[in-house]
Amino acid sequence: MKHAQPKATSAKLTQLRARLEQAFHGDTAAPGTDSSIPSAGHCAAVSAIVQAEFGGDFVSAVVEGQSHWFNRLEVGRRVCDVDLAGDQFAGVEPVRIVRAGELYDPTRVRTPEQLNDETLRRALLLATRAGLPDAALKLSARLLSRELAAA
């Protein structure tokens with residue numbers, strides 16, 4: 001029974017990616033993104049949604065000369081790196097879940113504070129369009145908390 005959890009988490013992440021894929025749009029991509037690949041420019045916004053839905057840490061690496069954000073989660077008894085926007089790079093699958101540290105080299109753990117407000121607003125819009133009310137609520141709360149702290 002304990003072996004079902006990783007498969008269930010993998011299935012949930014795949015379902016999440018499918019929902020996000022339907023909601024990817026130019027206004028949810030990073031400013032200046034110019035690509036015909038729907039997930040391009042969405043990595044940080046997607047990682048904010050994954051973190052809101054599953055918890056875990058933010059991780060980044062330089063991929064093809066670009067900063068690329070993804071997530072580090074506990075899946076079953078393993079800590080894994082999860083990338084739901086890596087297909088913006090040639091030959092990469094849309095959903096990848098591998099043992100932590102094996103996805104990209106080198107990687108670095110990021111803090112939630114390193115996500116800028118613009119990225120959080122794009123993530124909120126993406127979550128709303130994808131029909132993810134729990135993630136949207138958490139992202140809204142994070143933005144509101146930042147606004148109150150700045151006031």
- request: Considering non-hydrogen atoms only, spot the tightest contact between Ala130 and Ala23 and give its length.
  value: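 Reported closest heavy-atom pair: N-CB, 3.8 Å.
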field: Atom of Cys80, atom of Ile97 and distance for their closest heavy-atom approach
entry: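 Closest approach of Cys80 to Ile97: CB-CG2, 3.9 Å.
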What side-chain donor-acceptor pairs closer than 3.5 Å can you find for residues 47-65, not counting sequence neighbours?
unit_1	atom_1	unit_2	atom_2	d
Ser47	OG	Cys43	O	3.4
Ser47	OG	Ala44	O	2.8
Gln51	OE1	Arg142	NH2	3.0
Glu53	OE2	Ala135	N	3.3
Ser60	OG	Arg110	NE	2.9
Ser60	OG	Arg110	NH2	3.4

query: Mind checking whether Thr107 and Arg72 have side chains closer than 4.5 Å, heavy atoms only?
result: yes
task: Please tell me if the side chains of Gln15 and Arg19 come closer than 4.5 Å, counting only heavy atoms from C-beta onward.
output: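 Answer no - side chains too far apart.
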Spell out, yes or no, whether [X] and [Y] are grouped together once hydrophobic residues are joined by side-chain heavy atoms under 4.5 Å, including indirect joins.
X: Leu16; Y: Leu103; value: no
X: Leu20; Y: Val95; value: yes
X: Val98; Y: Val92; value: yes

- request: Would you please name every residue forming a side chain to side chain contact (heavy atoms under 4.5 Å, CB included) with Leu143, sequence neighbours left out?
  value: Asp117, Leu120, Arg121, Leu124
message: If the condition is side chain to side chain contact (heavy atoms under 4.5 Å, CB included), which residues does Leu144 pass it with, not counting sequence neighbours?
response: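 Glu147, Leu148.
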query: Counting distance only, does the side-chain N/O of Ser145 pair as donor-acceptor with the main-chain N or O of Ala141 below 3.5 Å?
result: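 No; judged by distance alone, with no hydrogens or angles, the pair does not exist.
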message: Between Asp81 (side chain only) and Gly101 (backbone N and O only), is there a donor and an acceptor less than 3.5 Å apart?
response: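 Pair found, side chain donor or acceptor close to backbone of Gly101.
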Show me the donor-acceptor pairs, under 3.5 Å and distance only, between side chains in residues 31-39 and residues at least two apart or in other chains.
unit_1	atom_1	unit_2	atom_2	d
Thr33	OG1	Ala30	O	2.7
Ser35	OG	Ile37	N	3.0
Ser39	OG	Asp87	OD1	2.8
Ser39	OG	Gln88	N	3.4

task: Might you work through the side chain to side chain contact (heavy atoms under 4.5 Å, CB included) test for His42 and Trp69, ending with a clear yes or no?
output: CA-CA 9 Å; His42 285 90; Trp69 285 57; over 6 Å; no
query: Taking atom CD of Glu21 and atom CG of Leu84, what is their separation to the nearest 0.5 Å?
result: 10.5 Å
task: Measure the CG-OG1 distance between Leu139 and Thr128 for me, rounded to the nearest 0.5 Å.
output: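 One finds 8.0 Å between CG of Leu139 and OG1 of Thr128.
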- request: Any ring pair (Phe, Tyr, Trp, His ring centres under 6.0 Å) involving residues 87-130? Give me the pairs, sequence neighbours left out, ordered by first then second residue.
  value: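 Non-adjacent pairs meeting ring pair (Phe, Tyr, Trp, His ring centres under 6.0 Å): His68-Phe89, His68-Tyr104, Phe70-Tyr104.
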For Arg129, all residues meeting salt bridge (charged side-chain N to carboxylate O under 4.0 Å, His left out), sequence neighbours excluded: Asp27
- prompt: Do Val46 and Arg122 pass the side chain to side chain contact (heavy atoms under 4.5 Å, CB included) test, and can you show the C-alpha distance, the side-chain angles, and the key distance before you say yes or no?
  reply: CA-CA 9 Å; Val46 167; Arg122 287 187 296 107; over 6 Å; no
